[in-house]
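We number each residue from 1, following the sequence as shown.
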Amino acid sequence: MYDYLIYSRLKKFAGAKKTFHIPGHKNKGEFAAMFKGSELDVTELPYSDNLHDAKNVIAKAQSDIAEISGASKSYITTDGSSSGVLAMLYCASKRGNKIIVMRNSHKSVWNACRLFGLEPLIVQGAYTDGILTPPDCAIIEKLIANDGNIAGFLVTSPDYYGNIAPLGGYAEITKKYSRLLLVDEAHGAHLAFGGSENYAGKHADMWVDGAHKTLPSLTQGAVVNINNEELIPDAEDALSFFRTTSPSYPVMASVEYGYKFLANNPKYIQRATAAVDTFIQECKVFGNLPVRRTDDWTKLLIDFKPLGISPDVAAARLEKKGVYAEFSDGRFLLFYLSPMVDSGDMNLLKKKLLSVIANKKIKNTFTDKPEIPEADRSYSFQYALRKPCEYVPLENAEGKMCAKIAGLNPPCIPVVVTGEIISAAAIKTLSSAKNTFGLIDGSICVVKK
């Protein structure tokens with residue numbers, strides 16, 4: 001059994017008078033009443049250890065997380081997975097000026113390429129029912145074999161749609177050519193507890209787990225993991241740049257808790273996966289819910305195309321019933337699960353979903369979303385960044401070169417990437433989206449002619 005070291009230390013000293021250091025709320029007055037648990041919100045004190053020079057409880061907690069994750073070293077971050085992605089690509093930038101990335105990489109990947117002068121070589125697999133799948137290993141080997149400037153391959157796995165990439169196959173290639181395999185596993189921290197041969201910890205040189213996404217941890221809690229010990233000096237440099245110097249102790253404690261709770265209580269994953277399996281079977285037998293089973297059981301997709309119902313309309317109806325999906329992409333509703341769900345949760349979701357799709361008023365509201373074709377990359381990412389740029393109305397941007405990535409949030413992945421020619425399909429997708437990034441008042445940044 002693992003002990004919750006950081007939490008126990010914070011709790012032990014929670015009653016001490018601590019009014020002469022930050023944070024400014026001092027755990028007093030109305031703030032303390034409104035924000036329960038604020039007595040655990042402290043700074044670097046003699047008893048609490050220091051994330052940037054961990055020697056005590058934080059050091060031991062990180063060592064335990066590494067043991068659970070199967071890593072040589074693990075580092076807690078309270079800045080979300082994005083700080084870990086920056087750290088990985090900082091390490092890559094020391095080993096080449098190009099990096100292979102997947103088309104559906106997170107915004108932080110493109111930001112890191114911009115920061116470190118890396119040229120992203122975009123790869124993508126086929127579309128299946130409108131969902132982009134991981135690229136074949138042959139594509140990766142062809143690129144790496146012909147270009148010694150490629151530092152490695154940064155893979156998103158699992159992605160927002162529950163696709164788990166063939167990391168074992170990718171690892172064979174990157175090892176063969178002495179390149180890095182880096183994995184943005186922000187959506188897959190739970191895979192450390194079994195269930196996939198393509199868990200990043202079995203194959204990657206370095207990977208990032210978003211603890212807060214699928215473990216019982218507070219938002220912004222994540223872990224950077226390393227198996228290739230040659231990366232440790234650069235990784236520690238990078239983390240000193242990108243992690244805040246004022247980390248949240250409650251978030252740190254919750255990251256440690258998330259890993260250790262599931263290590264101590266594996267029954268929760270067994271209970272959750274059984275509940276999801278039952279949900280899927282019952283939807284097939286008793287209901288009319290087209291459930292798409294993914295590689296990752298925590299990503300539950302309902303396909304609304306066969307139902308003839310707009311998932312946006314369905315999501316709005318569900319919200320009135322107190323049920324919130326992770327997002328709608330115009331065809332699927334994604335419900336984001338975790339080891340903390342149980343049969344009661346899944347039965348409630350089934351009941352609410354069935355009541356929504358039974359509503360005749362929302363029949364025939366579905367319209368096909370445009371499939372974004374593989375873009376014309378006439379010029380490189382770095383070339384486009386160096387050119388003068390301007391914002392133009394989105395409706396006038398077709399045929400122009402994108403100067404700054406623009407996409408959907410969630411899942412915070414680009415529709416069009418810097419250096420790509422903006423297509424009519426990309427414009428339609430961005431125009432119809434509820435939440436985007438990279439646009440300002442309906443205008444997109446393009447390279448001046």
Inset, instruction - Taking all heavy atoms of Ala384 and all of Val447, pick out the closest pair and write down the distance. - result: O-CG2, 3.9 Å
Legend entry - Within-4.5 Å side-chain heavy-atom neighbours: Ser338 and His190: no
Inset, instruction - For Ser157 and Ala165, indicate whether the former's side chain and the latter's backbone hold a donor-acceptor pair under 3.5 Å. - result: yes
Legend entry - Distance (rounded to the nearest 0.5 Å) between Ile99 CD1 and Phe153 CZ: 9.0 Å
Legend entry - Sidechain-backbone polar pair: Trp110 side chain, Ser105 backbone, donor-acceptor under 3.5 Å: yes
Inset, instruction - Sequence neighbours left out, what passes side chain to side chain donor-acceptor pair (under 3.5 Å) with Lys73? Give chain and number order. - result: none
Inset, instruction - Evaluate side-chain contact (heavy atoms from CB on, under 4.5 Å) for Met252 paired with Ile58, printing each intermediate quantity in order. - result: CA-CA 8 Å; Met252 278 193 277; Ile58 296 174; 3.8 Å; yes
Inset, instruction - Taking the side chain as every heavy atom from C-beta outward, state whether Met88 and Val183 have any pair of such atoms under 4.5 Å apart. - result: no
Inset, instruction - Answer whether the closest heavy-atom distance between the side chains of Ile122 and Val101 falls below 4.5 Å. - result: yes
Inset, instruction - May I ask you to test the Leu262-Pro216 pair for a side-chain heavy-atom distance under 4.5 Å? - result: yes
Inset, instruction - Please check if the distance between the ring centroids of Phe304 and Phe332 is under 6.0 Å. - result: no
Legend entry - Residue pair Tyr2 / Phe261, side-chain heavy-atom distance below 4.5 Å: no
Inset, instruction - Assess the pair Tyr7 and Tyr257: is the distance between their ring centroids shorter than 6.0 Å? - result: no
Inset, instruction - Provide the closest heavy-atom pair for Ala275 versus Asp342 in the form atom of the first, atom of the second, distance. - result: CB-C, 3.7 Å
Legend entry - Nearest non-hydrogen partners of Leu167 and Tyr199, listed with the distance: CD1-C, 4.2 Å
Inset, instruction - With rounding to the nearest 0.5 Å, note down the distance linking SG in Cys389 to NZ in Lys404. - result: 5.5 Å
Inset, instruction - Look at atom NZ of Lys387 and say whether more than 12 heavy atoms of other residues, nucleotides or ligands are closer to it than 6.0 Å. - result: no
Legend entry - Rounded distance [0.5 Å steps], CG in Asn264 versus CG in Asp3: 8.0 Å
Inset, instruction - May I ask you to say whether Arg293 pairs ionically with Asp277, meaning some side-chain N is under 4.0 Å from a carboxylate O? - result: yes
Legend entry - Nearest-0.5 Å distance that lies between atom OG in Ser83 and atom CZ in Phe242: 9.0 Å
Inset, instruction - Count the heavy atoms of every other residue, nucleotide or ligand shown that sit under 6.0 Å from CD of Glu319, and state whether that count exceeds 12. - result: yes
Inset, instruction - Report yes or no: does Glu256 contribute a side-chain atom to a donor-acceptor pair with the main-chain N or O of Ile6 at less than 3.5 Å? - result: yes
Legend entry - Side-chain touch Leu154/Ile100, heavy atoms, less than 4.5 angstrom: no
Legend entry - Least distance between heavy atoms, Ser38 atom then Asn27 atom: OG-OD1, 2.6 Å
Inset, instruction - Taking side chain to side chain donor-acceptor pair (under 3.5 Å) as the test, write out the residues that go with His25, two or more places apart. - result: Asp41
Inset, instruction - Take atom CD of Glu39 as the centre, draw a 6.0 Å sphere, and report whether it contains more than 12 heavy atoms from other residues, nucleotides or ligands. - result: yes
Inset, instruction - Verify whether the ring centers belonging to Phe327 and Tyr336 lie closer than 6.0 Å. - result: no
Inset, instruction - Using a strict 4.0 Å threshold on nitrogen-to-oxygen distance, state whether Lys299 and Asp159 make a salt bridge. - result: no
Legend entry - Closest non-hydrogen atom pair between Cys402 and Val416, with its separation: CB-CG2, 3.8 Å
Legend entry - Gln270: partners by side chain to side chain donor-acceptor pair (under 3.5 Å), with sequence neighbours left out: none
Legend entry - Heavy-atom donor-acceptor pair, Gln124 side chain to Met102 backbone, under 3.5 Å: no
Legend entry - Between Glu420 and Tyr379, a side-chain donor and acceptor under 3.5 Å: no
Inset, instruction - Would you check if Ile173 and Tyr177 make a side-chain contact, meaning some heavy-atom pair closer than 4.5 Å? - result: yes
Legend entry - Check: Asp79/Thr77 side-chain N/O donor and acceptor closer than 3.5 Å: yes
Inset, instruction - Would you please say whether a donor-acceptor pair under 3.5 Å links the side chains of Thr294 and Asp296? - result: no
Inset, instruction - May I have all residue pairs that pass side-chain hydrogen bond (donor to acceptor under 3.5 Å, both in side chains) and include part of residues 325-335, sequence neighbours excluded? - result: Tyr160-Glu326, Tyr161-Asp329, Asp303-Arg331, Asp312-Ser328, Asp329-Lys369
Inset, instruction - Please check if the side chain of Asn228 supplies one atom and the backbone of Leu180 the other of a donor-acceptor pair under 3.5 Å. - result: no
Inset, instruction - Show your working on side-chain contact (heavy atoms from CB on, under 4.5 Å) between Leu301 and Val291 and close with a plain yes or no. - result: CA-CA 6 Å; Leu301 291 169; Val291 183; over 6 Å; no
Legend entry - Interatomic spacing from CG in Leu239 to CG in Asp234 - rounded to 0.5 Å: 11.0 Å
Inset, instruction - Give a yes or no on whether the backbone of Pro158 and the side-chain of Asn163 come within a donor-acceptor separation of less than 3.5 Å. - result: no
Inset, instruction - Please confirm whether the backbone N or O of Gln382 pairs with a side-chain atom of Glu119, one donor and one acceptor, at under 3.5 Å? - result: yes
Legend entry - Thr43 and Ser246, any side-chain heavy atoms less than 4.5 Å apart: no
Legend entry - Derivation of the side-chain contact (heavy atoms from CB on, under 4.5 Å) call for Phe279 and Leu353: CA-CA 12 Å; Phe279 173 91; Leu353 277 167; 4.1 Å; yes
Inset, instruction - Measure up the Tyr259 and Phe193 rings against each other and bin them: parallel (under 30°), tilted (30 to 60°), perpendicular (over 60°). - result: tilted
Legend entry - Nearest-0.5 Å distance, CG of residue Asn111 to CG of residue Leu86: 7.5 Å
Inset, instruction - Could you walk me through whether Val417 and Arg103 pass the side-chain contact (heavy atoms from CB on, under 4.5 Å) test, one step at a time? - result: CA-CA 9 Å; Val417 174; Arg103 171 78 210 180; 4.1 Å; yes
Legend entry - Pair listing, salt bridge (charged side-chain N to carboxylate O under 4.0 Å, His left out) test, anchored in residues 200-225, at least two apart: Glu197-Lys202
Legend entry - Carboxylate-amine/guanidinium contact Asp49 Lys55, below 4.0 Å: no
Inset, instruction - Please identify each residue that fulfils side chain to side chain donor-acceptor pair (under 3.5 Å) with Lys176, with sequence neighbours left out. - result: Glu141
Inset, instruction - Look only at the side chain of Arg243 and the backbone of Ile76, and say whether a donor-acceptor pair between them is shorter than 3.5 Å. - result: yes
Legend entry - Any donor-acceptor pair under 3.5 Å from Gln220 side chain to Val251 backbone: no
Legend entry - Donor-acceptor contact below 3.5 Å, side chain Asn265 vs main chain Lys267: no
